[in-house]
Each structure stands twice: as C-alpha cells, then as structure tokens.
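The structure appears right after this line, and notes come after that.
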Amino acid sequence: MNSCDTQSGLLPIGTALERLVENSKPIAGIETITIAEALGRVLAESPIASVSVPPADNSGMDGYALNTADLTDGVTRLAISQRIPAGSSPQPLQSGSCARIFTGAEIPVGADTVVMQENVTLDGDLAVFPEGISVGGNIRREGQDIRTGDSVLAAGVRLQPADLGVLASVGLAEVSVYKRLKVAILSTGDELVEPGLPLASGQIYNSNRYILTGLLKSLGMDVIDLGCIADTREATLEALERAANIADAIVSTGGVSVGEEDHVKGCIEALGELDMWKIRIKPGKPVAYGRVKDTPFIGLPGNPTSTLITFCLLARPCLLGLQGAAYQPPIVLSVPSGFVRNRAIQRQEYLRVRFEDGKLIPHANQSSGVLASASWAHGLAVVPPNTQVQIGDSIGFIPFSELLT
Ligand code: AMP
Ligand code: MG
C-alpha cells in the first residue's frame with residue numbers, strides 16, 4: 001500500500017475510497033435466518049423464485065369478468081354465472097355468461113377482460129356492459145412482478161422493508177445472509193470521561209464512543225466496545241491485540257496524528273501493517289488504515305465532527321464491504337446554494353447544512369470542534385477544492401440518510 005501520492009501530499013478522497021472498497025471483501029461467515037429477522041442484513045446468496053408473482057392472472061378491480069367475444073351482434077347483457085371473491089378458486093367461465101369478480105380474485109379460464117363495476121349496470125340477473133370495452137383490461141397478468149426461476153434480489157443487497165416483502169411474495173421464509181460484522185471500537189484519550197461521571201479539570205466527555213456505537217448499530221453491525229484507552233504505548237498495544245483477537249474489524253478514534261501523545265500509528269506498525277492517509281478533505285485530519293495481525297483497522301481523527309464525517313465517507317464503505325454489502329456510492333443531489341463562500345481552500349469541504357426552502361443553509365460554525373452542527377444538519381454540502389460559492393450555485397448535497405444507515 002502506498003501513502004499519499006499527490007503533489008500536495010494529500011490523497012484525494014476518491015482514491016482513498018477506491019483503495020478501501022477494493023480491499024474490503026466479505027469476511028463474515030454465512031447463516032440462515034427467517035425473513036422476520038432479516039431487516040438490514042446483507043444477502044449472501046441470490047434467492048431464486050419458485051413461484052411467479054402473481055401466481056395466476058387476477059382482477060385489478062371489483063367488476064365483471066367476461067369473454068368479450070360473447071358481446072357480438074348487438075349483445076350487451078350477460079347472465080352472471082358465478083361469484084369469485086379473492087382467495088377462491090374459480091370455475092371455467094360458462095360460454096355466454098360473465099362472473100362477478102373482486103380485486104385480487106383469480107380470472108376464470110375463458111374470460112379475457114374485467115369491466116369495472118362502475119361501468120356495468122344490472123338488469124335483474126343480467127349485467128349490462130357498455131360499448132367500447134378494451135379487451136384485456138383490468139387483468140394483472142401472471143408473473144408481471146416476478147417469474148418462476150427469476151433471481152429475486154442480488155447477493156450483497158442490504159435488506160430493506162420492500163425487499164423483505166419481495167422475498168415473502170415468492171414464499172421464502174428464510175434467507176442466507178452474512179453474519180453481523182463484529183466491530184471493536186476504541187476511544188483513545190487520557191482526557192476522556194464517561195457521561196454520568198463528574199468532570200475534573202482538563203477532562204471532556206467521551207462523545208465518539210456513542211457516535212461510533214450509533215453508526216455501527218445503524219449499519220446492523222455488532223459493537224464490541226473496548227472503552228477508553230489511555231494515551232500510552234502499552235495500553236494501546238494491549239487494546240489493539242485484544243480487539244484483533246475478538247473482532248472482525250477495529251475502529252479507533254483519536255491518537256492518529258504524529259504527536260508524542262499519539263500512539264496508534266506506532267502500535268499498528270508494530271502489530272501489523274499501516275497506511276497513513278492525509279486526505280484532502282475538511283474536516284478530517286489523517287486517517288489510519290491497515291491491519292492489526294490480519295484484522296482490518298481504521299483509525300479516525302479524534303474531533304467528534306471529524307470522527308463522524310470520516311466514518312461516513314471512509315469507514316462506512318470499508319465496513320459495509322467487509323460485511324458483504326455491494327458498494328453503493330451515496331446519492332449526491334444537486335441543490336442551489338443559499339450561502340456565499342468567498343474563501344477557496346485546497347481541500348474538499350463537507351459543510352454541515354440544512355435543506356430549507358429548496359436551498360442549502362450552512363450551520364454558522366463549521367469548526368470540527370462543533371459537533372452540534374452535525375446534530376442540527378440534514379446532511380453535508382460538498383464544496384470541491386479551490387471553489388468559491390455564490391448564492392444559487394449548484395452544490396452537491398448528501399443527505400445524512402445516505403450516510404448514516
Ligand atoms: P486527537 O486526535 O487524539 O489529537 O484528538 C483531537 C481532538 O478530539 C482533541 O481535542 C480531543 O480531546 C478530542 N477527542 C478525541 N477523542 C474524543 C472523544 N472520544 N470524544 C470527544 N472528543 C474527543
Ligand atoms: Mg488524543
């Protein structure tokens with residue numbers, strides 16, 4: 001693995017992402033679970049439909065099923081020879097008659113059309129049909145949704161509610177999915193204190209632990225929380241080794257710079273393989289990527305906003321790849337800017353913004369130390385390197401819904 005490879009020494013995010021995705025193949029085992037348990041899980045195999053959906057032609061309306069050939073030579077009235085509610089098994093249609101039929105009921109053999117009940121009048125026992133019936137109308141055809149033998153969803157799909165419905169529609173009660181990825185998280189920093197405890201001078205509360213736990217749970221992964229790690233080489237080595245023994249992947253926060261109190265870099269080099277990336281984004285300081293023994297490792301910067309954003313942009317696609325999910329870049333919408341930015345910087349900037357009245361409105365304080373900006377925002381505005389922004393300019397907008405689940 002190479003380190004930074006551009007003139008500026010900063011790696012473009014696209015290059016970092018390519019490397020991460022390329023190196024992130026499924027590592028979790030496979031298990032079979034019921035579809036009731038499968039929300040958010042990643043399909044390991046593509047199921048094959050053993051039935052068609054719908055399994056037979058059925059009525060799209062409450063109305064009358066008929067063979068339009070019976071309405072020749074001025075005939076407009078047909079006797080009603082059977083009643084077919086949804087769930088019943090129809091008889092073949094008697095020639096010269098029609099059938100009362102309801103939405104979802106199977107079309108009887110011999111009928112070619114359903115006329116909606118609003119267009120039919122009754123004259124005693126006879127149904128009176130209008131002129132100009134369109135042949136084949138109001139019939140939902142067998143297999144119009146899925147055909148027997150079709151592969152239903154691709155391996156690598158993260159199952160959403162509609163997907164579960166599709167699996168159910170072909171009668172599948174169980175699916176083969178990747179086991180939940182077990183991700184160990186480490187919060188480095190001597191200054192960190194857990195919420196609920198008193199704060200002494202020099203201390204701050206540990207936000208990242210809860211940001212990471214929330215992010216990983218939203219991705220359907222299991223969190224192994226190794227808590228706070230002291231800023232010493234011994235504590236960092238011990239925690240990383242433990243993490244590598246019990247988890248499929250490791251994510252740490254803080255301590256990835258090259259200061260005297262930053263031990264992550266040296267420890268990864270001692271235990272495995274390290275690639276330090278200075279990525280051309282703001283916020284986001286160096287991100288460490290590598291392995292502890294054979295376990296994939298990502299070290300995120302400590303500022304909570306940087307932790308959140310580098311997780312969303314880099315750790316998320318890496319971990320989803322390890323989980324077996326097919327790579328899907330986030331949808332970037334093009335939205336008019338509601339702000340001016342005269343200062344152009346060399347890094348790609350991710351502003352915390354709201355989408356209001358069709359425009360992007362940034363939080364007033366974009367410092368990476370202001371986590372409230374992320375909590376307030378609807379998503380991230382992407383300002384490319386060396387770019388000024390005027391009101392009304394088209395700006396890339398990634399809603400958090402694209403990044404947090
Ligand atoms: P570091 O990357 O360790 O130099 O940390 C950068 C900044 O983020 C420092 O101001 C840290 O105090 C802060 N920080 C690091 N970890 C956390 C955490 N878990 N929660 C809140 N702030 C943190
Ligand atoms: Mg630190």
Side-chain angles (χ1 to χ4, degrees), residues 4 10-11 16 183-218 223-240 242-243 247 249-270 274-290 292 297-316 319 347 350 352 363 365-377 404:
C4 312
L10 296 180
L11 194 64
V183 184
I185 62 170
L186 287 66
S187 320
T188 76
D190 283 341
E191 70 278 38
L192 302 178
V193 175
E194 287 312 304
L197 297 174
L199 204 59
S201 165
Q203 297 182 322
I204 59 168
Y205 287 117
N206 183 356
S207 304
N208 290 342
R209 183 177 192 174
Y210 302 92
I211 296 174
L212 283 185
T213 302
L215 287 163
L216 292 165
K217 284 190 175 169
S218 298
V223 178
I224 302 175
D225 186 351
L226 297 185
C228 275
I229 311 302
D231 285 324
T232 65
R233 183 175 168 88
E234 297 66 44
T236 310
L237 279 174
E238 196 265 331
L240 287 169
R242 198 148 79 85
I250 307 168
V251 180
S252 72
T253 63
V256 282
S257 302
V258 287
E260 281 167 35
E261 295 290 330
D262 297 319
H263 297 283
V264 171
K265 180 174 182 283
C267 292
I268 301 292
E269 280 166 345
L274 175 81
D275 203 5
M276 281 292 293
W277 292 343
K278 279 190 187 154
I279 300 182
R280 195 196 284 208
I281 58 172
K282 186 174 187 266
K285 281 184 189 166
V287 171
Y289 171 61
V292 177
F297 166 84
I298 294 200
L300 303 178
N303 265 314
T305 307
S306 306
T307 296
L308 178 79
I309 290 179
T310 52
F311 183 98
C312 291
L313 299 177
L314 296 164
R316 177 181 177 276
L319 295 171
R347 291 187 282 168
Y350 292 87
R352 275 73 69 211
H363 191 272
N365 192 338
Q366 294 290 331
S367 157
S368 63
V370 177
L371 183 59
S373 66
S375 171
W376 169 91
L404 298 183

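The first residue in the sequence is number 1, and the count goes up from there. Whatever order the structure lists ligands and atoms in, that order sets their numbers, starting from 1. The basis for the numbers below is simple: all heavy atoms, side chains too, and nothing from hydrogens, waters or symmetry mates.
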| task | Kindly determine whether Lys265 and Leu274 satisfy side-chain contact (heavy atoms from CB on, under 4.5 Å), including the steps that lead there. | result | CA-CA 7 Å; Lys265 180 174 182 283; Leu274 175 81; 3.5 Å; yes
| Of all residues at least two apart in sequence or in a different chain, which pass the salt bridge (Lys or Arg N to Asp or Glu O under 4.0 Å) check with Glu191? |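 Checked Glu191 against salt bridge (Lys or Arg N to Asp or Glu O under 4.0 Å); zero matches.
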| request: Using the test salt bridge (Lys or Arg N to Asp or Glu O under 4.0 Å), find all partners of Arg209 that sit at least two apart in sequence or belong to another chain. | output: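 Residues passing salt bridge (Lys or Arg N to Asp or Glu O under 4.0 Å) with Arg209: Glu194, Asp225.
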| request: Sort out the contact shell of ligand 1: every protein residue with a heavy-atom distance below 4.0 Å, listed by chain and number. | output: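 The 4.0 Å shell around ligand 1 contains Thr188, Glu191, Leu192, Ile204, Tyr205, Asn206, Ser207, Asn208, Gly254, Gly255, Gly302, Asn303, Pro304.
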| field | Which atom of Leu186 lies closest to which atom of Ala243, heavy atoms considered | value |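 Smallest interatomic distance, heavy atoms only, reads CD1-CB, 4.3 Å.
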| Any donor-acceptor pair under 3.5 Å from Arg352 side chain to Ala374 backbone |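 Pair absent, no side-chain N/O of Arg352 close to backbone of Ala374.
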Please tabulate, for side-chain N and O atoms in residues 298-311, each donor-acceptor pair with protein atoms closer than 3.5 Å (sequence neighbours left out).
unit_1	atom_1	unit_2	atom_2	d
Asn303	ND2	Ser368	OG	3.4
Thr305	OG1	Ser368	O	3.1
Thr305	OG1	Val370	O	3.3
Thr307	OG1	Asn208	OD1	3.4
Thr307	OG1	Asn208	ND2	3.3
Thr307	OG1	Pro301	O	2.6
Thr307	OG1	Asn303	O	3.3
Thr310	OG1	Ser306	O	2.5
Thr310	OG1	Thr307	O	3.3

